[in-house]
Amino acid sequence: MSGNRAAYLLEPKGRFEVRDAPIEQPGPGEVLVKVHFGALQPADQKVAKYSVLPVEYPSVLGGPVSGIVEALGERVDKIAIGDRIVSGTKLFGSWKAKYGGMQRYAIVDQSSVIEIGDTDFTKALTLASWTPPGALFGPNALNMHYPSIPAKPLPAEEQGKKILIWGGSSAMGSLSISYAKQAGYTVISTSSPHNFDLLKSLGADHIFDHSDSNIVEKIRALFPIHYWFDTISLKPSVTTILKILAPEGEKVTKAYIHLLLPLAAAGNPTLPEGVTAAMHKFQPEAPGNEEWAKYFLSRGGFMEQGIKSGVIKGVSPHLLGGLDKVSDAIEELTKGVSAKKLVIDPWA
Ligand SMILES: NC(=O)c1ccc[n+]([C@@H]2O[C@H](COP(=O)([O-])OP(=O)(O)OC[C@H]3O[C@@H](n4cnc5c(N)ncnc54)[C@H](OP(=O)(O)O)[C@@H]3O)[C@@H](O)[C@H]2O)c1
């Protein structure tokens with residue numbers, strides 16, 4: 001085994017440095033992955049720039065990772081050494097550098113590991129998140145009807161129901177569209193016009209420009225809307241959704257809005273009576289999520305089948321280069337990306 005190299009964030013809001021790193025041994029339930037590619041996402045940017053979570057320094061950010069299983073900890077039975085996998089990382093929650101994705105060898109938890117067959121490693125990174133299925137189908141989230149492969153008709157009580165997925169060209173929004181469509185729902189979504197073709201290819205039924213000055217009326221014309229998921233959850237999106245639900249001088253439409261950020265990120269708007277909103281906080285291992293975790297994350301489960309078959313679709317991977325590009329990736333995320341996942345090759 002050749003040595004590990006990692007992009008370390010040296011201190012809170014500090015700079016990155018690429019240097020040698022130990023190859024850690026996986027603990028019980030953990031897996032050592034030889035990382036072929038790793039992604040960076042908005043949460044990494046928030047930690048790098050604003051130190052919003054208590055990671056240990058020097059820290060290694062990043063996730064998910066895709067690569068080959070190199071070693072197994074005790075009690076790992078979901079996968080085998082040599083399997084091609086993708087996995088979310090557990091840095092946010094475990095805080096230690098060995099769990100970050102921006103290195104050649106990373107430790108992940110077997111619960112997050114998905115075997116990907118011959119799926120391209122960079123593409124797999126765009127499909128690995130369990131946040132969208134957690135938000136749509138989690139019992140304490142939107143609790144929609146599960147998708148299946150092949151697709152089956154929705155049960156009678158769900159037939160014809162619509163979901164608004166705000167931010168369909170985001171990494172989370174794009175996946176959410178493909179999951180909701182596979183489950184059989186009608187999807188209304190928003191993006192910039194240059195991403196309309198992507199949203200169409202994901203299966204969205206009604207697509208709107210989020211900057212259209214008539215968007216409130218256009219979306220209201222599609223009422224009733226049964227599920228509301230704002231994958232952006234910032235002031236512009238939350239404010240517009242509230243106008244759709246409660247236009248001035250008109251009766252409020254009762255609804256629950258599922259958010260990916262705290263309401264504070266949208267400036268803590270006053271919610272009209274009858275409208276509630278909450279941030280998605282989902283852990284597959286939390287009590288009550290056992291059935292969900294078995295269905296979506298287990299070996300041969302929906303995520304594995306969906307990734308291998310191409311049913312789960314998302315944004316495109318965008319390869320930036322080696323570990324020395326992690327800092328550039330954080331800057332790009334700060335400016336804002338459009339319909340792409342930023343990918344690093346730790347061996348380049
Ligand atoms: N709570 C959780 O468990 C959880 C989990 C994962 C992510 N998150 C959070 O969820 C958010 C989304 O993450 P992500 O990785 O999906 O983001 P992302 O891919 O970086 O989002 C980029 C996209 O946002 C779209 N966008 C920006 N402003 C918009 C608006 N007003 N209306 C509609 N679309 C807009 C852009 O669309 P156009 O280019 O088409 O304009 C762009 O494609 C982040 O804040 C992340 O931290 C939370």
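It should be emphasised that the depicted structure is a prediction, and the values quoted were computed from it without experimental measurement. All ligand and atom numbering here is 1-based and tracks the order in the structure.
Taking 4.5 Å as the limit, every side-chain heavy atom of L320 sits out of range of all side-chain heavy atoms of L40.
Proximity of a side-chain donor or acceptor of S237 to a complementary backbone N or O of S233 within less than 3.5 Å is detected. Between the side chain of R84 and the main chain of I68, no donor-acceptor pair closer than 3.5 Å is present.
Using the six-membered ring where Trp is involved, F37 and F121 have ring planes that are tilted, between 30° and 60° apart.
At a heavy-atom cutoff of 4.0 Å, ligand 1 is contacted by the side chain of N195 but not by its backbone. Only the side chain of H210 comes within contact range of ligand 1, with a heavy atom under 4.0 Å; no backbone atom does. Using a 4.0 Å cut-off between heavy atoms, K341 makes no contact with ligand 1 at all.
Contacts classified as salt bridge (charged side-chain N to carboxylate O under 4.0 Å, His left out) and involving residues 263-283 (residues at least two apart or in different chains) are not found.
Of the candidates P64, S66, S112, S112 is the only one forming a side chain to side chain contact (heavy atoms under 4.5 Å, CB included) with S87.
Of the charged side-chain nitrogens involved, at least one lies within less than 4.0 Å of a carboxylate oxygen, so that E56 and K96 count as a salt-bridged pair. Between D205 and K181 there is a salt bridge, since at least one side-chain N of the basic residue sits less than 4.0 Å from a carboxylate O of the acidic one. Between E304 and K308, at least one side-chain N (NZ, or NE/NH1/NH2) sits under 4.0 Å from a carboxylate O, which counts as a salt bridge.
Listed by number with element, the atoms of ligand 1 under 4.0 Å from a non-hydrogen atom of L261 are 45 (O). Interface of W166 with ligand 1, defined as ligand atoms under 4.0 Å from a residue heavy atom, comprises 30 (C), 32 (N), 33 (C). Every atom of ligand 1 with a heavy atom of S191 under 4.0 Å away is listed here by number and element: 40 (O). For ligand 1 and T231, the ligand atoms under 4.0 Å from any heavy atom of the residue are 10 (O), 11 (C), 12 (C). Shown in contact with V337 at under 4.0 Å from a heavy atom are these atoms of ligand 1, numbered in order with element: 20 (O), 22 (C), 23 (C), 42 (C), 43 (O). Within ligand 1, counting atoms from 1 as listed, the ones closer than 4.0 Å to a heavy atom of P42 are 13 (O), 14 (P), 15 (O), 17 (O), 20 (O), 44 (C), 46 (C), 47 (O). Close approach of ligand 1 to M279 is summarised as follows: ligand atoms under 4.0 Å from at least one heavy atom of the residue are 1 (N). Counting the atoms of ligand 1 from 1 in the order shown, those under 4.0 Å from a heavy atom of H280 are 1 (N), 2 (C), 3 (O).
When hydrophobic clusters are built by joining Ile, Leu, Val, Met, Phe, Trp and Tyr residues whose side-chain heavy atoms come closer than 4.5 Å, directly or via intermediates, L242 is grouped together with L261.
Considering only non-hydrogen atoms, atom 24 (O) of ligand 1 lies nearest to I232 out of I241, D230, V52, I232. Of the options M172, K46, K235, Q41, the smallest heavy-atom separation from atom 46 (C) of ligand 1 is shown by K46.
Looking from atom 41 (O) of ligand 1 to the surrounding protein, the closest heavy atom is S192 OG, 2.5 Å. Annotation: atom 36 (C) of ligand 1 to nearest protein heavy atom, S169 OG, 3.8 Å. Protein heavy atom at the shortest distance from atom 21 (O) of ligand 1 is S170 CB, 3.4 Å. The protein heavy atom nearest to atom 5 (C) of ligand 1 is T131 OG1, 3.4 Å. Counting protein heavy atoms only, atom 19 (O) of ligand 1 is closest to A171 N, 2.8 Å.
At least one N or O atom of S338, backbone or side chain, sits closer than 3.5 Å to an N or O atom of ligand 1. For A339, a nitrogen or oxygen atom sits less than 3.5 Å from a nitrogen or oxygen atom of ligand 1, counting backbone and side chain alike. Where the criterion is an N or O separation shorter than 3.5 Å, residue side chain and backbone included, L260 meets it with respect to ligand 1.
When ring centroids are compared, F302 and Y146 stay outside the 6.0 Å threshold. For Y256 and H258, the ring centers sit closer than 6.0 Å to each other.
Looking at N195 and S338, their side chains do bring a donor and an acceptor atom within 3.5 Å of each other.
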